[in-house]
Every structure is written in C-alpha cells, then in structure tokens.
Visitor: 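Got a structure for you, written out below as structure tokens; questions coming shortly.
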Amino acid sequence: MATETTICELSNHVGQTVTLRGWLYNSRSSGKLLFLIVRDGTGLCQCVLEKTDANAEMFQQARRLGQESSLAVTGCVRVDERAPGGHELALSDVQVIQAVEGYPITKKAHGVDFLMKHRHLWLRSRRQWAIMRIRSTLVDAIRRFFNDRGFVLIDTPIFAPSAGEGAQTLFEVDYYGEPVYLAQTGQLYVEAALMAHRKVYCFGPTFRAEKSKTRRHLTEFWMVEPEIAFAELDDVIALAEDFVCALVERVLAERRPELELLGRDPAALERITKPFYRLTYGEVVELLRGERVRARFEADLAAARTRVAELQRTIKEKEAERAAPGVKKWKAEKLAREILAAREELAEQEEAVRNIPHHMELAANFEWGSDLGGSDETVIARLHDRPVFVTHYPAACKAFYMKRNADDPRVANCFDLLAPEGYGEIIGASQREDDLAALLERMEEEGLDPTPYQWYLDLRRYGTVPHGGFGLGVERTIAWICGLKHLRETIPFPRMMGRLYP
RNA sequence: UCCCCGAUAGCUCAAUUGGUAGAGCGAGCGGCUGUUAACCGCUAGGUUACUGGUUCGAGUCCAGUUCGGGGAGCCA
C-alpha cells in the first residue's frame, strides 16, 4: 500500500511511491505516453503514464478521462525540470472515482457572464483558487491582528431596526410584519460594547442596496470594524497604519506563489511600509485644482491615446497576418487570441480617453464642501506609491456620529485610507462624537429622529470617553493586494445588482 | 435614474459592410514516446436572444423588449 499524501507535500517524498487523490485538471496524450495534470486542492501535479503491454487497458481508460474526473493516482515521485512545479509522478496505477464528460469550463477562454453562471465550478480554476487562498489568509490575518492586541470580538446584529441615513441603500426585510433592514455597519453596536471591553472589533457581512453596476460594488460584502477607547484621531490613524502593514506583510509571507500565479508584482506590496502619506481634505482640494493633478490626468490621457493608436495598428497587422494565405492553423489561432486580447484592452483605453476629460473637469472645478468622487480618489491615489490618509473631511458630507474638529468646526476628525495604484478607498474612519449635546445637534442637522437612537445616546450619558475606530472593506483590500480589476472575483459567491445565482 | 457597448454551434469568436452562416476549443474516432492551454487528420453539432418592420433577399438596416458588460450619479 502506497503512502497517501498531498501535492504540497510531494517534495518530502522524492523517490517514494505515493497515492494522490484529486481531480483531473488537464490531460495530454502522446501516443504511448500520457500526461495527467492532477489537482488535489493543495496544488497541481503532472503525472506521467507510459503505455506497456501490461497496462494497456488502464492506459486506454485514463486517456479517455474528461476534465474534472475524480481519481486516485499512485506512482513514484521524481524530480523533473520539464514538469510544472519541478516534481512529477511516474504512474503505476490510476483508480477512477468518477469519470466525467463535458465539464463546462474548458481550457480556452470564457466570457464573464458564463463564468459567473458557473461560479460554483469556476472556483476550481487556478486563478480563483489562488484568490480564495489569499482571502483566507487575509481574513485570518485580520482576526489575528486584533486578537493578538487584546481586542475582543463583538458580533453585531444583521437585522437593524432603523433606517438612519441613506434609506434607499438599505435592503428591507419583513420581521414579523415590521420592516427592518439588513445592516450596513456594526459600528453603533461596537461602540456600545467598547465601553465594556476597551478595545473591540466586529467582523461580518454588510449589505448595500445601491443601484450600482460597476467593478467596485457588491451588494453583500465583508467589513471589519475595530473601535478603541481613550483614543483620538491620531490613535485611529496609527492603528489603521499598523493594521494594513500587518495584512500585507502576512500575505507576502504566506501567499507569494499565489500572488505570482495572479501575475501580481510583489514589489508593489513590499513598498507598503510605514509611514503612509497624510493629506487633509483641504490639501486634497488644492491638489485636485492644481497643476500636479492636471499633469497626471494629461499624462494618463496622452498615454491612453498612444495606446489606442498602438492597439489599432496591432490589431490591423495581426488581422492581415491571420488572413494571409498559407498561415498555419495554430498560428492563426494564436493570432486570433492576441487580437481578442488587444480588442479588450482597446475598449478599456477608449473608455479612458472618453472619461479622463470629464474627470479633469470634475477635479479642476472641485469645490470645498463636497465629498470626493471616485475619479478624485483615483487620481490622488495614482499620485502616490503608498496608501494615502485623507483626513478632516467637511462634517456636512460625513455621518452624524463623527466628532467635529475643535480648531475648525467645519470639518470632522475623520479619514479615508486610499489604496495606491488607483484602487481607492479601503478604509473609512473617525473619532466619534463623545459629547451628548453635540451629538444631538448633529442629528438634528441631519434630520434624524433621536427616538430609535436612545440606546446609542445612553453611551454618551453614562461614562462617555473619547473614542474612535474604522471600517475596512475586505473585498476592496483583496482586490488591491491581488491586483484584480473586479470585486466579483474576491468573494466566493458574489452578490451584485441583478446577480444572485449561484 | 442616465450614458456607451454587446447578444451568431456547449464555449470563445469570424462572416469581405444587404447575397450559399465559418474557425478554434470542447465532445466522439484515429495517429504520434516528454507534453507545457501540446500537435496532426476525420466526424457530429445552428429557429443568428425575442417581437415587429424595410427589402427580390436581413446575422447584417430600423423600432421595441429582455438579458449581460462598462461607466456616471450615489456610495464603502
């Protein structure tokens, strides 16, 4: 009986005969030689079966196995440079658990809609496999960061009784005949628990019913929200800085192969060290209206235009080459793939050319007092190679519970953290208003009925202290760390506007 | 709510601009002793999203509908 092992352990078994159980990822046959690429959840392994007089039947059976057939393979582990990963299995036995025919996700390209409809199977693909492993590590790093520092985990409710601000972005559900809402944040509850434990955090799904169909939006996403007592804005900033550094460090330490598989340059992440950049909202307004931002936009626009011209030329050339007489089939196919990729990029670059002038105008005419738009955040982040704290937004465009700045009452003691490379906001944070009268005043300004908030106001009546915290969006953080264009790949089963299956 | 783009074989895409719907992958069969999304040959596979219109003739043009992609607003 051969030892059973997994692919990630193979290097410890060189020269031994072992059994792997897994799924057929791909196979190639070369006459009397058969390559089975097996995945077992821990990695991929090339398995080689040589046809002999004795194993002819097994060879035939194995050769016909379809993608994703489940099987157990036994063979001798050997080092071979030609094998992906450096190790391969010289097979002596193949046991079929289930022979599969017609697995929908094939080796060639698929469209987004098709893949999303087959998300339950798409998860088996290498890129998705890598992303989920990074997500798992990131989530563990989040929990460990807070647990190691004496934070107490507080699970906050998902049914929320009051609409509060932005009722149109809440999902309403029927709660024994009463309308209640799926939580957008656990923050108010975490503040209550804070006064019991001094340092707390909540971590769970949150829900936004925004009618946004973009790569930056999900209707269900995960957020971690720490809250600390006896703290002012600078303490929250310091915590956020340590936290983000710890997350990146951990992923770099444990998931380098996965990052590599995703084509993510680790150097961009290795740069993520303290201190991050700090800008006040007022400085950002100046920046947006100033020369540097204009130059950045103009450079981006020029680059996009050049690229559009380049791509158009490339596509034409490749199309001519493909249509030329006597082109080999494989060559034509390769060209077709390249043309497709070029067209996709062309569409993106053309979109950029269309949008940038509008973004420039928005930035140039930006007025003090409004919230930063997506394009504003992007350009600020593009100007920096490390995350940027934007602090002290106008109080009027932020939530009622944020504490006003003592020196400049127009602004709140709050910040957003913008991830670099144009990824934008991953953290929203503030020092909380700890004074009862000031809090009531802010609620009145926002037109909020204090009745359902009496429990929250109690926190200011009985032992109020300066405190604050932040919320980090897990999916946006994963997208940034993995270098992904779209949030839908960062969560196993994304929920988006108009998409609920599987 | 608004703007742009798209829907052709199971999948990814072609169709010389209104004139006989094709290719690759996948599936099936055959060949090949080191493949790297292998390669080569053969076979099967279609109500061109739906409804209507223009035309001798519509995948192609027009109108509407549905679904999807991207973006704006708004948000995290």
Side-chain angles (χ1 to χ4, degrees), chain A residues 25-37 44 46-52 64 66-67 80-85 88 90 100-118 125-126 165-166 168-170 184-185 206-219 221-223 225 319 322-323 328-337 339-341 343-344 347-348 350-352 354-355 358-359 362 370-375 377 397 399 416-418 424-429 470-477 485-488 496-499:
Chain A
Y25 192 73
N26 191 11
S27 74
R28 290 182 283 273
S29 134
S30 234
K32 298 195 171 92
L33 204 52
L34 176 63
F35 298 95
L36 298 176
I37 312 301
L44 288 178
Q46 169 166 294
C47 305
V48 189
L49 185 61
E50 283 182 48
K51 191 176 180 181
T52 61
R64 285 173 210 287
Q67 225 183 315
D80 193 314
E81 272 184 12
R82 293 167 295 187
E88 67 178 17
V100 166
E101 247 179 62
Y103 183 69
I105 300 180
T106 64
K107 290 179 275 187
K108 290 285 165 89
H110 295 285
V112 175
D113 187 45
F114 179 82
L115 289 171
M116 288 303 293
K117 282 180 174 147
H118 294 83
S125 305
R126 286 173 85 179
E165 355 129 43
Q168 66 274 44
T169 67
L170 289 160
Q184 287 191 325
T185 165
T206 53
F207 307 88
R208 303 280 162 97
E210 266 145 25
K211 294 190 175 169
S212 298
K213 281 168 72 168
T214 81
R215 60 179 81 184
R216 305 181 309 279
H217 289 87
L218 297 171
T219 55
F221 64 94
W222 283 63
M223 191 154 71
E225 297 174 276
E319 266 170 351
R322 187 168 65 127
K328 292 275 184 201
K329 240 183 206 173
W330 68 268
K331 179 79 177 168
E333 205 198 320
K334 181 165 174 276
L335 285 166
R337 277 200 307 270
I339 290 167
L340 222 60
R343 279 200 190 138
E344 220 164 275
E348 256 175 57
E350 282 173 340
E351 176 115 43
R354 275 196 303 276
N355 285 337
H358 178 57
H359 293 164
L362 283 177
S370 33
D371 208 348
L372 299 182
S375 61
E377 282 182 3
C397 62
D416 285 352
L417 180 64
L418 309 182
E425 181 176 354
I426 56 171
I427 285 181
F470 64 81
L472 172 125
V474 171
E475 286 73 20
R476 285 185 177 179
T477 305
K485 274 194 254 173
H486 204 299
L487 284 192
R488 67 184 156 221
M496 293 175 292
M497 190 187 164
R499 212 181 261 288

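We name chains A, B, ... by the order of the sequence lines, and we start the count at 1 in each one.
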Visitor: Within the 4.0 Å heavy-atom criterion, would you say Phe221(A) contacts the bases, only the backbone, or no part of the nucleic acid?
Guide: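 Result for Phe221(A) = base.
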
Visitor: Send over the distance from Asn26(A) CG to rG26(B) P, rounded to a whole Å.
Guide: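 To the nearest whole Å, that distance equals 8 Å.
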
Visitor: Output the rounded distance in Å from CD (Glu351(A)) to P (rC3(B)).
Guide: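 Taking atom P of rC3(B) as the reference, CD of Glu351(A) is at 15 Å.
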
Visitor: What does Asp416(A) touch in the nucleic acid at a heavy-atom separation under 4.0 angstrom: a base, only the sugar-phosphate, or nothing?
Guide: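 Result for Asp416(A) = nothing.
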
Visitor: Check the distance between rC25(B)'s C1' and Phe114(A)'s CZ and give it to me in whole angstrom.
Guide: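 Going from Phe114(A) (CZ) to rC25(B) (C1'), I get 12 Å.
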
Visitor: To the nearest angstrom, how far is Phe35(A) atom CZ from rU35(B) atom P?
Guide: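 It works out to 7 Å between those atoms.
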
Visitor: Using a cut-off of 4.0 Å on non-hydrogen atoms, how would the nucleic acid contact of His118(A) be classed: base, sugar-phosphate, or nothing?
Guide: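 No contact.
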
Visitor: What is the pairing partner of rG45(B), taking Watson-Crick or G-U wobble pairs with both distances under 3.5 Å in any strand?
Guide: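 For rG45(B), the partner nucleotide comes out as none, under the 3.5 Å rule.
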
Visitor: Does Gln46(A) reach a base, just sugar-phosphate, or nothing at all? Heavy atoms under 4.0 Å.
Guide: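 Since a base atom lies under 4.0 Å of Gln46(A), the category is base.
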
Visitor: Of Arg208(A), Lys211(A), Gln184(A), which meets side-chain hydrogen bond (donor to acceptor under 3.5 Å, both in side chains) against Thr169(A)?
Guide: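 Between Thr169(A) and the candidates, side-chain hydrogen bond (donor to acceptor under 3.5 Å, both in side chains) is satisfied uniquely by Gln184(A).
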
Visitor: Side chain of Asn355(A) only, please: which of rG71(B), rG73(B), rG70(B) is the nearest?
Guide: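 Selected nucleotide: rG71(B).
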
Visitor: Using side-chain heavy atoms (C-beta onward) and a distance below 4.5 Å, is Glu81(A) in contact with Glu88(A)?
Guide: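 When only atoms from C-beta onward are counted, Glu88(A) and Glu81(A) do not touch, as no gap falls below 4.5 Å.
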
Visitor: Report the distance from atom CE of Met116(A) to atom P of rG70(B), rounded to the nearest whole Å.
Guide: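 One finds 10 Å between P of rG70(B) and CE of Met116(A), rounded.
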
Visitor: Quick check: on RNA chain B, is the nucleotide nearest Ser27(A) upstream (toward 5') of the one nearest His110(A), or the reverse? Name the residue that is more 5'.
Guide: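 Result of the comparison: His110(A).
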
Visitor: Could you tell me whether Ile426(A) contacts a base, only the sugar-phosphate backbone, or nothing, with contacts defined as non-hydrogen atoms closer than 4.0 Å?
Guide: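 Nothing, no nucleic acid heavy atom in range.
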
Visitor: Going by purine N1 to pyrimidine N3 plus the second Watson-Crick contact, or the G-U wobble pair, all under 3.5 Å, which nucleotide sits opposite rA58(B)?
Guide: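 Its partner is none (no Watson-Crick or G-U wobble pair with both distances under 3.5 Å).
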
Visitor: Under 4.0 Å, heavy atoms only, any strand: does Gly373(A) hit a base, just the sugar-phosphate, or nothing?
Guide: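 No contact.
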
Visitor: Among rG34(B), rA72(B), rG30(B), which nucleotide sits nearest the side chain of Asp80(A)?
Guide: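 Nearest nucleotide to the side chain: rG34(B).
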
Visitor: For a quick check, tell me whether the side chain of Thr169(A) and the base of rC74(B) share a donor-acceptor pair closer than 3.5 Å.
Guide: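 No pair found.
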
Visitor: Let me know, please, whether Leu372(A) or Gln67(A) comes out on the 5' side of the other along RNA chain B by nearest nucleotide.
Guide: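 Final value for this comparison: Gln67(A).
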
Visitor: With both distances under 3.5 angstrom, what nucleotide forms a Watson-Crick or G-U wobble pair with rG34(B)?
Guide: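 rG34(B) is unpaired by these criteria.
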
Visitor: Would you call the rings of His118(A) and Phe114(A) parallel, tilted or perpendicular, where under 30° means parallel and over 60° means perpendicular?
Guide: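 Rings of His118(A) and Phe114(A): tilted, 30 to 60°.
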
Visitor: Tell me what Arg126(A) touches on the nucleic acid: a base, only sugar-phosphate, or nothing, going by heavy atoms under 4.0 Å.
Guide: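 Nothing: the residue Arg126(A), judged by heavy atoms under 4.0 Å, touches no strand.
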
Visitor: Can you measure from CE (Met223(A)) to CZ (Phe470(A)) and round to the nearest 0.5 angstrom?
Guide: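 It is 11.5 Å, given to the nearest 0.5 Å.
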
Visitor: Looking across every strand, which nucleic acid part, if any, lies under 4.0 Å from Ser29(A) by heavy atom: base, sugar-phosphate, or nothing?
Guide: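 Contact class for Ser29(A): base.
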
Visitor: What's Leu49(A) touching, base or sugar-phosphate or nothing? Going by heavy atoms closer than 4.0 Å.
Guide: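 Here Leu49(A) touches no strand at all.
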
Visitor: Take the protein atom CZ of Arg476(A) and the nucleotide atom P of rA76(B), then report the distance between them rounded to whole Å.
Guide: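 Going from Arg476(A) (CZ) to rA76(B) (P), I get 9 Å.
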
Visitor: Are the side chains of Arg476(A) and Leu487(A) in contact, using a 4.5 Å heavy-atom criterion?
Guide: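 SC-SC contact between Leu487(A) and Arg476(A) confirmed.
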
Visitor: With a 4.0 Å cut-off on heavy atoms, is Gly111(A) in touch with a base, just the backbone sugar-phosphate, or nothing at all?
Guide: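 If one applies the 4.0 Å heavy-atom cut-off, Gly111(A) turns out to touch the sugar-phosphate alone, with no base involved.
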
Visitor: From C-beta outward on Thr214(A), which listed nucleotide comes closest to its side chain: rG34(B), rG28(B), rG71(B)?
Guide: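 Output: rG71(B).
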
Visitor: Which one is paired to rA14(B), where only Watson-Crick or G-U wobble pairs with both distances under 3.5 angstrom count?
Guide: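 Partner of rA14(B): none.
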
Visitor: Once you round it to whole Å, what is the distance between C1' of rU35(B) and NZ of Lys32(A)?
Guide: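 From Lys32(A) NZ to rU35(B) C1': 16 Å.
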
Visitor: Regarding Lys51(A), tell me which of base, sugar-phosphate or nothing describes its non-hydrogen contacts under 4.0 Å with the strands shown.
Guide: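 No contact at all - Lys51(A) keeps every heavy atom at 4.0 Å or more from the nucleic acid.
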
Visitor: So does Glu88(A) reach the base of rG34(B) with its side chain, donor to acceptor, closer than 3.5 Å?
Guide: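 Checked by distance alone, the answer is yes.
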
Visitor: For rU20(B), does the O4'-C1'-N9-C4 (purine) or O4'-C1'-N1-C2 (pyrimidine) torsion place it in syn, i.e. within 90° of 0, or in anti?
Guide: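 With its glycosidic angle more than 90° from zero, rU20(B) counts as anti.
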
Visitor: Take atom CZ of Phe470(A) and atom P of rA76(B), then tell me their distance rounded to the nearest Å.
Guide: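 The distance from CZ of Phe470(A) to P of rA76(B) comes to 16 Å, rounded to the nearest Å.
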
Visitor: Expressed as a whole number of Å, how far does the P atom of rA63(B) sit from that of rC25(B)?
Guide: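 One P to the other, the span is 39 Å.
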
Visitor: Using modelled atom types only, decide if a donor and an acceptor are shared between the side chain of His358(A) and the backbone of Arg354(A) within a distance under 3.5 Å.
Guide: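 No, His358(A) side chain to Arg354(A) backbone: no donor-acceptor pair under 3.5 Å.
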
Visitor: Sub-3.5 Å donor-acceptor pair from the side chain of Thr219(A) to the main-chain atoms of Ala209(A), do we have one?
Guide: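 Not at all, since once roles are kept as given, no pair shorter than 3.5 Å links the two residues.
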
Visitor: For rC2(B), what is the paired nucleotide under Watson-Crick or G-U wobble rules, both distances under 3.5 Å?
Guide: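 Checking every strand shown, rC2(B) finds its partner in rG71(B), with both distances under 3.5 Å.
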
